[in-house]
Amino acid sequence: MIDLHLHTNASDGRYPPSELVARARAAGITTLSVTDHDTTAGLDEAASAADRTGMTFVPGIEITAVWRRKDVHVLGYYFDARCADLQAFLARQRLDRIRRFREMVVKVAALGLPVDPLNIDAIVEQAERRSHQSLGRPQLADALVAAGYVATRKDAFDRYLGDQCAAFVPRSGASPEDVVRIIAGAGGISSFAHPGLLARDELIEPMVGAGLHALEAYHSKHTPEVVDRYLRLAARYGLAVSGGSDFHGDEPGEFNVLGGVALPAPAFDGFRSRAARAVRPS
Ligand code: AMP
Ligand code: FE
Ligand code: FE
Ligand code: ZN
């Protein structure tokens, strides 16, 4: 089974990279990519763990771009994680995440849900100290769960942190086209993450113009009709197809489960040959 969309605790996933790899293997996954939000911090550990058990590992990332105040997730694969321009960009993304995290802490407190400032400082300090770990709403959701205000991450998003909710803080950031170019600049290929969740297909054309390589047609939250729609759109634009579970951990009420969605092998072959053809910067 092939899963090209997985998260570790280098961003908002539950498990450390080696534990994620072990769990993926137990679920029958043989080829995997770790795609943490705006960080490559989990890749080395995941790659070693995959190597030790004979799994195929693809370096990955999920970068948050912004378009008309909406978040657009762009996946990158097969890039060189040592690329200085890429790492400088990611460091700026993570700093903005910390800024936003602190603003959301202030907002939830104003809503009558104060979170222990020492606890918040510890979370931020740990991310800062390890500077490569990226913070997001899920970690704030965890703090709200720990404080007893909500039962689950999902509750926290439904009531406070979702895009339409009172404690939401919009982010600033690069456009989807810029992110596609940044990934290409590091020698990688890009895929428009879970386009069915965003439902802004008008973004595909400009992203293709910037050099987009693939659409993530297969995803835990895509219905069969949505999968078909993006398979057709990929064919129309001459794009490859990627896919994965977008597993973050065994959350209550979560249906992004390990082994729940796989990228069919022929699609992976097409995806891989796209990567082989991508022009590498010298
Ligand atoms: P952020 O990086 O701060 O924009 O947070 C986005 C992340 O929150 C996504 O990558 C998901 O992992 C997670 N997320 C989004 N919506 C929900 C939800 N309804 N319940 C739980 N987690 C969610
Ligand atoms: Fe996430
Ligand atoms: Fe995403
Ligand atoms: Zn994801």
Side-chain angles (χ1 to χ4, degrees), residues 2-17 20 23-24 29 32-43 46 58-67 70-77 90 93-94 96-98 100-101 104 123 127 132-143 145 152-154 156-158 161-163 168 171 173-174 176 179-180 183 190-200 203-204 207 212 214-222 226 230 242-263:
I2 300 159
D3 190 333
L4 300 184
H5 193 154
L6 296 160
H7 293 272
T8 76
N9 67 355
S11 65
D12 56 7
R14 285 280 177 211
Y15 303 117
L20 173 82
R23 286 173 179 265
I29 291 163
L32 83 166
S33 182
V34 161
T35 52
D36 277 310
H37 301 283
D38 294 323
T39 182
T40 60
L43 294 185
V58 178
I61 192 159
E62 182 173 23
I63 295 178
T64 305
V66 184
W67 179 77
K70 270 189 162 314
D71 293 353
V72 179
H73 290 184
V74 182
L75 294 156
Y77 297 100
L90 296 177
Q93 294 275 99
R94 292 193 301 270
D96 188 62
R97 282 174 167 277
I98 290 173
R100 182 170 174 255
F101 187 85
M104 287 188 290
I123 292 170
H132 39 253
Q133 194 213 11
S134 76
L135 284 180
R137 286 174 284 169
Q139 290 98 330
L140 181 54
D142 291 346
V145 172
T152 62
R153 278 188 177 186
K154 184 177 181 306
F157 273 84
D158 289 347
L161 304 177
D163 299 16
F168 178 74
R171 48 162 43 87
V179 169
V180 166
I183 292 165
S190 52
S191 183
F192 187 169
H194 41 69
L197 300 191
L198 189 69
R200 291 289 184 283
L203 275 170
I204 296 175
M207 288 169 79
L212 182 75
L215 297 181
E216 189 182 46
Y218 298 93
H219 184 273
S220 296
K221 293 197 166 123
H222 283 178
V226 171
Y230 290 103
S242 75
S245 63
D246 204 357
F247 175 75
H248 284 72
D250 302 293
E251 308 298 323
E254 188 53 84
F255 54 97
N256 296 19
V257 296
L258 273 180
V261 164
L263 179 66

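Atoms within a ligand are numbered from 1 in the order they appear, just like the ligands themselves. Computed from a predicted structure; not experimentally measured.
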ask   = Is the closest basic N to carboxylate O distance between D246 and K221 below 4.0 Å?
value = no
message = Centre-to-centre under 6.0 Å for H37 and H7, is that the case here?
response = yes
inquiry  = Do R97 and D38 make a side-chain contact, defined as non-hydrogen atoms from C-beta onward lying under 4.5 Å apart?
reply    = yes
note = Residues passing the side chain to side chain contact (heavy atoms under 4.5 Å, CB included) test with A46, sequence neighbours excluded, are P17, V21, V34, F57
Short N-O contact, D142 and R137, less than 4.0 angstrom = no
inquiry  = Tell me whether S33 contacts the main-chain N or O of T35 through its side chain, where contact means a donor paired with an acceptor under 3.5 Å.
reply    = no
Apex the Fe ion (ligand 2) - arms NE2 from H248 and OD2 from D12 - angle rounded to 10° = 110°
Proximal protein heteroatoms (N, O or S) of the Fe ion (ligand 3), under 2.8 Å = E62 OE2, H73 ND1, H194 NE2
inquiry  = Can you confirm if the NZ or CZ of R23 lies within 45° of the ring axis of Y15 and under 6.0 Å from the centre of its six-membered ring?
reply    = yes
SB check R14 D250 (cutoff 4.0 Å) = no
key: Ionic contact status for K154 with D158, cut-off 4.0 Å   = yes
task = Sort by chain and number the protein N/O/S atoms that are closer than 2.8 Å to the Zn ion (ligand 4), and list them.
result = H5 NE2, H7 NE2, E62 OE1, D246 OD1
Which residues share a side chain to side chain contact (heavy atoms under 4.5 Å, CB included) with A262, sequence neighbours left out = M1
